[in-house]
Number of protein chains: 2
Amino acid sequence: MDHDEATTRLLDTAERLFYERGIQTVGMDEVRTASGVSLKRLYQCFPAKEALVVAYLRRRDTRWLSSLANFVAHHDPTDQIPAVFDWLHAWFSEPGFRGCAFINSAGELGATSPEVLAAVRDHKAAVREYLATLADQTNVPDLADHLNLLVEGAITTAAITGDPTTAHQARQAIELLLNRP
Amino acid sequence: MDHDEATTRLLDTAERLFYERGIQTVGMDEVRTASGVSLKRLYQCFPAKEALVVAYLRRRDTRWLSSLANFVAHHDPTDQIPAVFDWLHAWFSEPGFRGCAFINSAGELGATSPEVLAAVRDHKAAVREYLATLADQTNVPDLADHLNLLVEGAITTAAITGDPTTAHQARQAIELLLNRP
DNA sequence: TGCCGTGGAGAACGTTCGTTCTCTAGTGTA
DNA sequence: TACACTAGAGAACGAACGTTCTCCACGGCA
């Protein structure tokens, strides 16, 4: 197994374990066992646990946003904002959905690790920016802010209640805000 | 120092430390030192760390909701829903604001501790129920769900960006939803 | 005074964690 | 064959954690 394959296997394993159970609950030894990468190689790829956590968050950031943007792009321009919430509904319905990995990580390590906090902030800024590109096409004032709030609220609420229809509540709200006089 | 005084001092200390820095980062020894309660007494009051965490969350739940409800009750019935977001703005502006203690705790321990998760779920259900009592007076359909989403979204967003005006964005959104034809 | 029960300070224990070190097996090369 | 190098398995280390135990000082009561 070479360096690159080890890196992706480590990131795959870290993403699964960290998201499922939280970061501090998962030890480096468990990452090693689950990934099949030796400890020596692990510390060659990531010099410390924090580096693995940050890399996991950075990769998840781009993948998450790409998945959302790709789904939305396959809709008519007039339907793209509601489509955001259809994508959220599908995400909320996945087995093992446990809320936003970034919010969870920030709550756990945000006060301790500035690098983790920066990764979380960068992700949320990227999400806001992407949603703003959708909202700006509507000429509805302040829609970008309201869209972002509804997205964040839906993720948080669905994480705790486990109810995917939270996404439909949010979609209904944004449609009311879209169709106002 | 008697049992009751020790209990409140422990809860005060636990609330401050756990909220500031996360739960797993704070050891029982630090709770002991910061509270001035001996370890023996600590384990008399709370038989394990998990019990202290749950007690901290339960007390914070009632205090948080009481504070919000008390603030809102001092407003005219027609202004009570916007008042929710004024209260949030004041909370977001407090030094040391670090988002929702329950969301943070759930992200950290929700997958590990069913008791913590139950406390978080109970809190969020109580918040939704309280907001529903406000929304139901308006006869605007589905306002309870939308209000809850905007509240949760504002808390989450303010926690990451650190920007208290997030509360005003959410208030503007709910006012649009309130005044629709 | 003598005795008993409680309480505090902190040492001690067993475990877990992040990280490093050791040993050995295997591989390519002269 | 002899050698240099890499990689893997896992032991080992030092620190930190949650929890328990030991020791001693003190106060109420006979």
Side-chain angles (χ1 to χ4, degrees), chain A residues 1-57 104-105 107-116 119, chain B residues 1-57 104-105 107-116 119:
Chain A
M1 191 190 318
D2 68 350
H3 186 278
D4 285 356
E5 190 193 342
T7 301
T8 59
R9 274 164 75 155
L10 286 168
L11 285 174
D12 290 345
T13 307
E15 175 155 16
R16 182 168 54 84
L17 294 180
F18 288 162
Y19 182 70
E20 267 177 14
R21 311 221 312 272
I23 293 169
Q24 311 211 61
T25 317
V26 176
M28 293 298 259
D29 220 62
E30 193 171 357
V31 174
R32 178 195 75 160
T33 306
S35 66
V37 174
S38 74
L39 259 185
K40 187 185 237 174
R41 180 70 95 182
L42 200 171
Y43 277 92
Q44 279 174 359
C45 295
F46 302 99
K49 189 181 188 182
E50 190 182 36
L52 176 61
V53 173
V54 171
Y56 141 62
L57 291 175
N104 293 348
S105 303
E108 202 172 342
L109 299 173
T112 308
S113 161
E115 299 213 47
V116 168
Chain B
M1 191 191 320
D2 69 348
H3 187 279
D4 286 354
E5 190 194 341
T7 302
T8 60
R9 275 163 74 155
L10 287 169
L11 285 174
D12 290 345
T13 306
E15 175 154 16
R16 184 167 54 82
L17 295 179
F18 288 162
Y19 182 71
E20 266 177 14
R21 311 223 312 272
I23 293 169
Q24 312 212 60
T25 317
V26 176
M28 293 297 259
D29 219 61
E30 193 172 355
V31 174
R32 178 197 75 160
T33 305
S35 66
V37 175
S38 74
L39 260 185
K40 189 186 236 173
R41 181 69 94 181
L42 200 170
Y43 279 91
Q44 279 174 359
C45 296
F46 303 99
K49 189 182 188 181
E50 191 183 36
L52 177 61
V53 172
V54 171
Y56 142 60
L57 290 175
N104 293 348
S105 303
E108 203 173 340
L109 299 173
T112 310
S113 160
E115 299 213 48
V116 169

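What you see below is based on every heavy atom in this structure, not just the backbone, and it leaves out hydrogens, waters and symmetry mates. First the proteins, then the strands, lettered A, B, ... as listed; each starts at 1.
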Scan Phe46(A), Phe18(A), Tyr19(A) and name whichever one has a ring-ring contact (aromatic ring centres under 6.0 Å, His included) with Tyr56(A).
Phe18(A)

Using every non-hydrogen atom in the two residues, find where [X] and [Y] come nearest and quote the distance to one decimal.
X	Y	value
Gln44(A)	His3(A)	O-NE2, 4.1 Å
Val37(A)	Arg9(A)	CG2-CB, 4.3 Å
Asn104(B)	Gly107(A)	OD1-CA, 3.6 Å
Lys49(B)	Val26(B)	NZ-O, 2.8 Å

Does the protein touch nucleotides 13-27 of chain C at the base, only the backbone, or not at all? Give it as B, S and - per nucleotide, heavy atoms under 4.0 Å.
-----SBB-------

May I have the distance from Asp2(B) (atom CG) to dT6(C) (atom P), rounded to whole angstrom?
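Answer to the nearest Å: 15 Å.
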
Nearest whole angstrom, please: distance from the P of dT6(D) to the CZ of Arg41(A).
11 Å

